[in-house]
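Below is one structure, written out as structure tokens; the observations come after it.
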Amino acid sequence: MSSRTPASRFLHHFVETIASELGQEKLSIVLEKAGLTPDRSDPARWGSLNGTTAAETYAGLQKAMRTYYGRGARGILIRVGSNMWGRLLGNAPLGVKAQSKFIFGLPINARRKPALELLAKLLADQRGDVTVHTLDLDLLLADKASPGTLGQSESE
């Protein structure tokens, strides 16, 4: 088990974004199927979690989404990730907000790596937890201590 954990604010934004994408009722069903209490469909209830509990809950929610939606989970999670940008940046320090404005002002081909590096900065618990690698023209985000995979095997 990783000693790294997501900040409760990240978990809160994740659940808030899922709730807005799926709706409270559908989120309750997914939570129930995951063995989590359906009353957790209210994003405000997740803000109090931290440490290992937050990591386990985040991993359980990710797994529940993949189990419930199967192949469709990928599309939903991509939309959730895209929509989380605004939420994460809205609560980010002023320096990060300024950096994001600069990055998103660049042409698309020039903004990919800086945007990915900014995301790595927002996701990392500590420096070096999340790194961005350039492989030819492709980019790779490598999360070394992902709470999203806590308790899961490589094949999952």
Side-chain angles (χ1 to χ4, degrees), residues 1-24 26-27 30-31 36 40-66 69 72-152 154 156:
M1 180 186 331
S2 169
S3 62
R4 303 283 184 253
T5 57
S8 62
R9 68 171 174 76
F10 179 80
L11 180 60
H12 176 79
H13 290 311
F14 182 72
V15 175
E16 196 174 59
T17 308
I18 287 177
S20 70
E21 280 292 312
L22 302 179
Q24 296 289 116
K26 185 67 99 169
L27 178 57
V30 171
L31 291 171
L36 301 169
R40 289 271 184 192
S41 64
D42 177 11
R45 306 259 338 238
W46 296 77
S48 62
L49 297 179
N50 56 31
T52 303
T53 305
E56 289 170 348
T57 304
Y58 178 72
L61 188 52
Q62 285 268 342
K63 188 173 184 176
M65 295 287 291
R66 290 191 306 274
Y69 288 103
R74 182 176 186 271
I76 292 168
L77 290 171
I78 286 172
R79 279 196 319 272
V80 167
S82 295
N83 292 332
M84 270 186 67
W85 263 109
R87 295 176 196 273
L88 287 172
L89 290 174
N91 293 324
L94 187 58
V96 172
K97 287 179 183 179
Q99 186 180 2
S100 74
K101 292 288 185 194
F102 173 76
I103 290 170
F104 291 111
L106 296 171
I108 290 176
N109 288 341
R111 81 170 81 137
R112 288 186 180 123
K113 187 173 183 201
L116 206 51
E117 288 169 340
L118 182 62
L119 176 62
K121 185 187 290 187
L122 289 170
L123 294 178
D125 183 39
Q126 293 182 11
R127 188 179 185 102
D129 282 351
V130 183
T131 56
V132 176
H133 303 277
T134 304
L135 303 172
D136 297 321
L137 298 177
D138 297 323
L139 297 174
L140 173 67
L141 179 71
D143 185 349
K144 297 178 184 171
S146 178
T149 60
L150 185 66
Q152 297 179 41
E154 187 176 312
E156 290 179 294

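Among pairs with a residue in residues 87-107, those fulfilling salt bridge (charged side-chain N to carboxylate O under 4.0 Å, His left out) read Glu16-Arg87, at least two apart in sequence or across chains.
Atom-to-atom distance recorded for Leu61:CG and Arg66:CZ is 10.0 Å, nearest 0.5 angstrom. Summarising the geometry, atom CD1 belonging to Ile103 is positioned 10.5 Å from atom CG belonging to Leu119; distances are rounded to the nearest 0.5 Å.
Partners of Gln99 under the side chain to side chain donor-acceptor pair (under 3.5 Å) rule, at least two apart in sequence or in another chain, are Lys121. Applying the side-chain contact (heavy atoms from CB on, under 4.5 Å) rule to Phe102 yields the partners Leu106; only residues at least two apart in sequence or on another chain are considered. With sequence neighbours left out, Ile108 forms a side-chain contact (heavy atoms from CB on, under 4.5 Å) with Arg111, Arg112.
For the pair Leu89/Leu118, a side-chain contact is recorded, criterion being any heavy-atom separation below 4.5 Å from C-beta on.
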Output a table of donor-acceptor pairs, distance under 3.5 Å, between side-chain atoms of residues 77-86 and any protein atom two or more places apart or on a different chain; print 'none' if there are none.
unit_1 : atom_1 : unit_2 : atom_2 : d
Arg79  : NE     : Glu21  : OE1    : 2.8
Ser82  : OG     : Ile78  : O      : 3.1
Asn83  : ND2    : Glu21  : OE2    : 2.6
Asn83  : ND2    : Arg79  : O      : 3.3

Q: Take Leu27 and Val15 through the test side-chain contact (heavy atoms from CB on, under 4.5 Å) and record every step on the way to the result.
A: CA-CA 9 Å; Leu27 178 57; Val15 175; 4.2 Å; yes
